[in-house]
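Hydrogens, waters and symmetry mates play no part in the numbers below; they use all other heavy atoms, side chains included.
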Amino acid sequence: MATKKQQRRKRRRATGKGRLYDGYEPKAADEREKPTRREPRGRGAPPPPSYRRSIKRAGLFAAMLFAVIQFVPLGGTTPSLAASAIQALFFFVFLVPFGYFMDGFVYNRWVKRQQRG
């Protein structure tokens with residue numbers, strides 16, 4: 001928030017009564033450029049869904065889950081390697097179709113928005 005002094009100076013400059021600098025002449029009201037409305041910048045099209053990308057993403061998250069389960073003692077004990085691997089495998093099996101369907105949902109929403117607008 002501008003101080004009162006800054007607000008006062010801004011108002012004086014806007015009305016043409018403020019301090020002028022060498023070579024500065026305020027524009028008349030009809031000569032001022034009006035800002036043009038810009039189109040919102042998009043991020044581009046999301047890629048269409050693919051199982052390859054879903055498998056890569058699920059593998060990455062399953063590996064991170066395995067590491068967290070193995071190295072962070074939750075509940076006071078660390079489960080065995082087999083138990084951690086089984087949990088990570090179940091997570092992987094769940095995440096592959098879930099990621100594919102979510103990618104499809106995002107892609108379809110983008111396509112509908114492009115058709116509408």
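Applying the side chain to side chain donor-acceptor pair (under 3.5 Å) test to residues at least two apart or on different chains, the pairs with a partner in residues 70-90 are Q70-S84. Legend: side chain to side chain donor-acceptor pair (under 3.5 Å) pairs involving residues 45-61, not counting sequence neighbours, sorted by first then second residue: R57-D103.
The nearest pair of heavy atoms linking A58 to L95 is CA-CD2, 3.7 Å.
R12 places a side-chain heavy atom less than 4.5 Å from the side chain of R8. Put simply, the side chain of F92 reaches to within 4.5 Å of the side chain of I55, judged on heavy atoms.
Connection of F98 to L65 is established within a shared hydrophobic cluster, with ILVMFWY side chains joined at heavy-atom distances below 4.5 Å, either directly or through further cluster members. Note on F61 and M102: same hydrophobic cluster, where clusters join Ile, Leu, Val, Met, Phe, Trp and Tyr whose side-chain heavy atoms are under 4.5 Å apart, directly or indirectly. Residue I69 is grouped with residue F91 when hydrophobic side chains (ILVMFWY) are merged at heavy-atom distances under 4.5 angstrom, including chains of intermediate members.
Note: I86 CD1 to L81 CG = 11.0 Å, rounded to the nearest 0.5 Å. Atoms NZ and OH, on K112 and Y107 in that order, are 13.0 Å from each other to the nearest 0.5 Å.
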| query | Would F90 and F94 count as a ring pair (Phe, Tyr, Trp, His ring centres under 6.0 Å) if you check the C-alpha gap in whole Å, the side-chain angles of each, and the deciding distance to 0.1 Å? | reply | CA-CA 6 Å; F90 280 130; F94 168 75; over 10 Å; no
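Taking the six-membered ring wherever Trp is involved, the centroid distance between the rings of F105 and F101 does not fall below 6.0 Å.
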